[in-house]
Structures are given as C-alpha cells and as structure tokens.
Colleague: 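The structure is given below, and queries will be raised subsequently.
We use all heavy atoms of the structure for the numbers below, so side chains are in, but hydrogens, waters and symmetry mates are not. We name chains A, B, ... by the order of the sequence lines, and we start the count at 1 in each one.
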2 protein chains.
Amino acid sequence: MSKVTIRHVAAAAGVAVKTVSRVMNGEPNVTQDLQDRVNKAVDALGYVPSMAARRMGGSRSYLLVALNDRENTINNWRSGRGNDWIDQMLHGAMLTCEAHGYRMLFELVEAGSPDLDRKVVAILSALQPDGIILTPPHSQNLALVEMLTRRNVPVVRMGVAGEGVGFGVFMDDRAAAAEATRHLLQLGHRRIGFIAGSPRFEASRQRLDGYRDALTEAGVTIDEDLIAPGDFTFESGVAAAGTLLARDDRPTAILASNDEMALATLHVASRLRIRVPDLSLVSFDDTPGVRLSVPGLTSIRQPISEMAAKAAALLIGVSRTGEGAPSDHLLPFALEVRGSTAPLT
Amino acid sequence: MSKVTIRHVAAAAGVAVKTVSRVMNGEPNVTQDLQDRVNKAVDALGYVPSMAARRMGGSRSYLLVALNDRENTINNWRSGRGNDWIDQMLHGAMLTCEAHGYRMLFELVEAGSPDLDRKVVAILSALQPDGIILTPPHSQNLALVEMLTRRNVPVVRMGVAGEGVGFGVFMDDRAAAAEATRHLLQLGHRRIGFIAGSPRFEASRQRLDGYRDALTEAGVTIDEDLIAPGDFTFESGVAAAGTLLARDDRPTAILASNDEMALATLHVASRLRIRVPDLSLVSFDDTPGVRLSVPGLTSIRQPISEMAAKAAALLIGVSRTGEGAPSDHLLPFALEVRGSTAPLT
DNA sequence: ATGAAAGCGCTAACAA
DNA sequence: TTGTTAGCGCTTTCAT
C-alpha cells in the first residue's frame, strides 16, 4: 500500500514491466487486451509513476523551470507590492503543465550577477528540466539563451521575440502604448503626459516608442517635457506625476508605463485636488489593484498567463517529440477601459 | 562537461564515490584532507548532485509540496484578483527551502472533492515529497491530515492550530479582529459595522468573535443588524456595504473581513458620496491593493510569509533529523494604520 | 576513516 | 507484439 511500483502493477496484470511502461507512456505496439489489463491494475493499485525514477531511467524529467529575476521578485514580496507577473505566469504555465503530466518549478536568479551562468548550470544539474522559461529581464539575455541552447536545453523567452535563438512568446508593447495613446487622443486630449518605465526592461523603450508613434500619427507635436522618467516604482511615479502636474500647462491626460506609477499619479492628483478622470489616466499591466482603485483605471492588459501557457506548451511539445525549430508567437493585448479616462472637457 | 556525476568527482579527487557523498552531505568521519580534495574537485567540475538520483538512492527527495485550494486559486487568477496568499507563501517557503537545498512545488487540489484523497496520494506517489504544507481550507481537513500522517508524511497546517495532528503555524485571528475593533473604539466610534467572511474558512468565525469580544469588553451593545454576511468577494462586499450604509443610523465605521470587501465598501461609499475616513474603514489581509487605494486602508497584516517560512523550516527539520513531535507556532499579526481611519467627528 | 557493492523505480536498447 | 537486461546517479548497507 505504501509504495506501489511498476513491478507491482506488472505482477498484478501478469505482464512485463516494460509493457506497463508502454501503456503508461502511450507507446504503440500493445494489444488492447494487455492495455486493459494494465490499466485495470493501475487503477486498482492506484499506481502513479515516480517522477524521480522516470528521470533516472528515461530521458525526460517531466519538469519545466521558470527563471525569474531575483532582486525584483524579492523586493516586490518584501515591500508587499505583490508579484502579479509571477502570479499570472504560474496561472498559465502550471495549469498547462498539469494537463500534460508535467510540473513547473520556478527559480530566482539575480539578473546582473557575474556568476549567473554558474547558478543556472547548478539548477540544470540539480533539476535536469526538460525546458526553461525565461522571464524579463532574463529573456533579454542573449548570452544566457545561447548557453542553454549549447547545452541542449529548450528555451522560451517571454516578453521578447526569440528570433531563432530560443522560442519567443510576447506581445507588442509598442502597439499597445500606441493604442492607449490613441484612446486618449480620441477623447480629445492633446497634452498627454508619459511616465516611462525602467530602462532595464526592453518593454519600457517600446512603450515610449508607441506613445510617440500615436502622437506623430495624429499630427500632435511631441513635447519632450511631457515625458517623465520612472522606474516602475510607486515612488518614481509620485516624482514623475509631481513634475508633470506642477506645470502651468499641465497635461490633461497621463499614460503611465505601469500600474504602480499610475496609482502613484492617482495619489498625487488627489493631493493636488485634481479629480480623475478630470485628469485622464491610463496604465499598463492591469494588475489586481487597478480594478479596485477609485476610479478603476483604464489599463493595458498583458497576456501573461497566455504567454506562459504557450511557453509551457512549446517546451512540452519539444520534450515529447524531441523536435521543434524555435518559433515566435505574438499574443494579443487588450485595452481595458474603466473610469479613469473621460473626454476632455 | 555536459553531465558531471559523483563518479567524475570521485575520480578527480582520487577517492571513493561514497566519500564524495559523505562530503556533500556533511556526514562525519572524513579527514580534513579528503574533504578538501573533494571540495576542490566539486568546485573545479561544478558538480551539483541530481535531485532525482538523490531521491532514488536515499530516503529524502529534498522536495516540499504545498497544497492549495484549487477552485479559489484558479478563480482568483481568472478574475485577475490575484493570489496574494500564494505570493506570500512562495516568498516565505521558497526562500527557506532554497537556503537548505530544498525545493518547493505547489499543487492545486479541489478542497471539497470526493477523490481528494486519491489526488493527494497521486501527488505523493509522483513526487515523494519530504513534507506537505497545507493551506486553508485544506489545513482544516482533519481526515486529510490523518491520512498523510498515516503515510508518514510530515504535515504543517497553515492558519490553524495543529493540536498534535501535524504541525500548526497560525496567527490569532480573533485577537486581530479585536485589536482592529479596539482601534475604531479608541477613535470614538460606537456604531461599527462588520462584514463577515466566507463561513468555509475557520478564520471568518474567529474574526467575528474578535469583533464581538472588543465591543463587549468596551461595554458597547452588539447590534446584530450591523453584522453583514459576505464571502470575501468584491460583489459580496458591495452588497454588504450597501446594506450597512443604506440604514438611517448607519455605522460610522466598518470592519471588513478582507481587503476586497473593504475596497468594495470604498466604492459604495464613493457612490453614496460618503468620504472615507468620514466613514472609517478597516480591512483584513493587507494585500497590495490596499496601500495603493486612495486613501490607503488601515488593515490587519497577516504573517503569511513568516508562517510559510516557519512551515518549511519545520518540515526540513523533520526531514533532516528524522524526527520532531508536532508543535504549534503562533505568529504575530500587525495592525497597519493608514488614512482610512480617523476620529469620529 | 574509507571503500565496494547492492539497490531505488523507471526507460532504452535489445532480444525473442 | 512482448519481454529481458542493463543502466541512470545517487545513498545505503556492509566490509575493511
């Protein structure tokens, strides 16, 4: 009762262990009769193969590893800010893994660390995963991707195009920022402030580019003074919003590069007695807080769980078929319109 | 280069495989000289033992599993509400595991499911974890705890006292609710509304009890009409707040059993043009959203990451020493005072 | 204090 | 189509 192994099942079904293995793995060349007998024994005994033993015997570990930025993640935890990215990633990836008999483990490694490679190799040695999911900013680290590829570990890069060096699953940040900006333009806004994200992340640049795209496209002259730097933190959002809203000719709308800086803007506006949406406000990420704020924030929703699900599916595919040339997968974002944006009065 | 095994290390150090194993596991009876030689070889080769092989050979898997409620978790993911509990749990447990060379995997199993036992046994068979962390409501499931104990799997129950049936790590929800209520009483409030949590969770009852305790202790008559039912969802919070605030003699303060219902109250108040903190508001959980709302909410912070860290430490301790009688561990909560509470005017 | 050999539960490779 | 055998990389006996 305590430990049911493949041997017990084989004995109960009166077949060889290899036959049980074949049935468990859906391999061909087993008569229906034997399949039935094996399955009956499996059910009766409650047999579930040991992951460790499968890894030892075969070539698969049924394990995927997601690599996240250590500093960022821990800071978010410590400060109570939460890690919506990880949450959504788990959502997509875990459920996909589960559906295929895989498990996902996530690991934190310091992005800038000089011995990042050593750390990652240690993870590979200990876990021997069937694939690695890289999240930003690791996904931007070409050297890392190449190291993994050299070691024959399939890689998916989340948030950036893989361009042949690993799979890529991503959204179009530039187009998203443009759409958000267009939304404000359509409401009649012309003086639209922009709070930038941390330059550590590729997406930050793209969002700024998208903002510029939309303004240019609408024939609105870009006022560089309306572009304030930020680093995705609340504090930087407070500073940026403070600068933008202190101006005499302050913007009538603001696009913030993430939710936290947008909520900071909400606070600053409240302090300055500027009502939102008298000041229209759009944010990026659509994390839980922005639907609960008063008013709810219009926000760009990233398809994080969808990207993660796709990432897991790609790796599982490679692991099963042994094959798969790296491909790129663009997933759609969505602009969620809420109460923080209104027509210019 | 691709796969460094214990054999390579043994060869490089000129010792037996078992000696390397001894050094890696800090076992006694190895001369300093050999230890040095082994360590040198380990470093030079970048050797890291394979978890799967360790599990196969020895009695430990270096793996902990956390069991979470499936429905709840997935609903939170789907609706974009986020899973702060899981986030904080990962925070505490993962970092602790990491520090001891363990890994943590979390699994979702349906709490009410008739074949919960089968599901859990399947997890045990596949993963053979060195211990299980149970989160609410699983941690309240005595039959489950007993099944695990019978199978010699060490268990920690989070959020409830273990009382000898598994380890217990928890906070005093009743005292926390009392403290929150006392905070409001001290501000001069006497008509204090209470929005209850889902009766599925033991903590809901305790929070209500604590509310009653504080009122009784202050000699305030308990008005049952000021106690509104809820189930932890935003919608239920809207309903409850609506009921409470529609009354002619409406409460001057409200204690909500979680953040989401408190934020719902904030919305309802805003709609009714009641300013917070003209209406004082206290919530439970201190999830990320409540520090970012305007105003920030006074809230009871649960020591989730601390509980999880303790849970992992306990299980790792058992796994290493082989023994450890179940013990109970009470961790402190904290009342975070923010802008949503003010003296009665 | 050190080492040799025997598994752990699977799957890959190879018979039959 | 089915079964047999040899590992996988460790730790656990059990010698020495």
Colleague: Using atom CG of L127(B) as one end and atom C1' of dG9(C) as the other, report the distance to the nearest whole Å.
Modeller: 15 Å

Colleague: Residues of residues 42-53 of chain A with any non-hydrogen atom less than 4.0 angstrom from an atom of DNA chain C: list those, numerically ordered, please.
Modeller: Y47(A), P49(A), S50(A), A53(A)

Colleague: If the condition is salt bridge (Lys or Arg N to Asp or Glu O under 4.0 Å), which residues does E27(A) pass it with, not counting sequence neighbours?
Modeller: K18(A)

Colleague: Can you list everything that forms a salt bridge (Lys or Arg N to Asp or Glu O under 4.0 Å) with D33(A)? Sequence neighbours excluded, please.
Modeller: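 For D33(A), the residues satisfying salt bridge (Lys or Arg N to Asp or Glu O under 4.0 Å) (neighbours in sequence not counted) are R37(A).
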
Colleague: Report the residues that fulfil salt bridge (Lys or Arg N to Asp or Glu O under 4.0 Å) with R200(B), sequence neighbours left out, ordered by chain and then residue number.
Modeller: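 Scan of R200(B) (salt bridge (Lys or Arg N to Asp or Glu O under 4.0 Å), adjacent residues dropped) gives D69(B).
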
Colleague: Under the 3.5 angstrom rule, does the side chain of H138(A) hit a backbone N or O of T135(A) as a donor-acceptor pair?
Modeller: no

Colleague: Between A126(B) and V48(A), which heavy-atom pair has the shortest distance, and what is it?
Modeller: CB-CG1, 3.8 Å

Colleague: Assuming nearest nucleotide by heavy-atom distance, tell me which of R7(A) and T31(A) is located more 5' along DNA chain D.
Modeller: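 Here T31(A) is the residue nearer the 5' end.
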
Colleague: So which of residues 16-27 of chain B are in contact with DNA chain C, with a heavy-atom cut-off of under 4.0 Å?
Modeller: A16(B), K18(B), T19(B), R22(B)

Colleague: Can you tell me the distance, in whole Å, between the CE atom of M56(A) and the P atom of dG9(C)?
Modeller: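 After rounding, the reported distance stands at 12 Å.
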
Colleague: I need the CG-P distance between N29(A) and dA12(C), as an integer number of Å.
Modeller: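 To the nearest whole Å, that distance equals 14 Å.
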
Colleague: Closer to the 5' end of DNA chain C via nearest nucleotide, is it G58(A) or G58(B)?
Modeller: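 So the residue in question is G58(B).
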
Colleague: Hey, are H100(A) and R320(A) close enough side-chain-wise for a donor-acceptor pair under 3.5 Å?
Modeller: yes

Colleague: Using modelled atom types only, decide if a donor and an acceptor are shared between the side chain of D87(A) and the backbone of N83(A) within a distance under 3.5 Å.
Modeller: no

Colleague: Dot-bracket for DNA chain D, 5' to 3', counting Watson-Crick or G-U wobble pairs under 3.5 Å, with [ ] for crossing pairs and | for inter-strand pairs?
Modeller: ||||||||||||||||

Colleague: Just to verify, what does S327(A) make a side-chain contact (heavy atoms from CB on, under 4.5 Å) with, not counting sequence neighbours?
Modeller: F167(A), L314(A), H329(A)

Colleague: Which residue pairs satisfy the side chain to side chain donor-acceptor pair (under 3.5 Å) criterion with at least one member in residues 306-315 of chain A, sequence neighbours excluded?
Modeller: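 Applying side chain to side chain donor-acceptor pair (under 3.5 Å) to every pair that reaches into residues 306-315 of chain A, excluding sequence neighbours, yields R301(A)-E306(A).
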
Colleague: Heavy atoms under 4.0 Å, any strand shown: does G57(A) hit a base, just sugar-phosphate, or nothing?
Modeller: base

Colleague: Go through DNA chain D in 5' to 3' direction and return only the first and the last nucleotide with some atom under 4.0 Å of chain A's heavy atoms.
Modeller: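 It runs dT1(D) to dG9(D).
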
Colleague: How close do V160(A) and S139(A) get, counting heavy atoms only, and between which atoms?
Modeller: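 Heavy atoms only, the tightest pair is CG2-O, 3.5 Å.
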
Colleague: Which pairs, with at least one residue in residues 114-124 of chain A and sequence neighbours excluded, count as a side chain to side chain donor-acceptor pair (under 3.5 Å)?
Modeller: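 Listed once each, the pairs are S113(A)-D115(A).
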
Colleague: Any salt bridge (charged side-chain N to carboxylate O under 4.0 Å, His left out) involving residues 46-62 of chain A? Give me the pairs, sequence neighbours left out, ordered by first then second residue.
Modeller: none

Colleague: Would you please name every residue forming a salt bridge (Lys or Arg N to Asp or Glu O under 4.0 Å) with R70(A), sequence neighbours left out?
Modeller: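 By the salt bridge (Lys or Arg N to Asp or Glu O under 4.0 Å) rule, R70(A) matches E98(B).
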
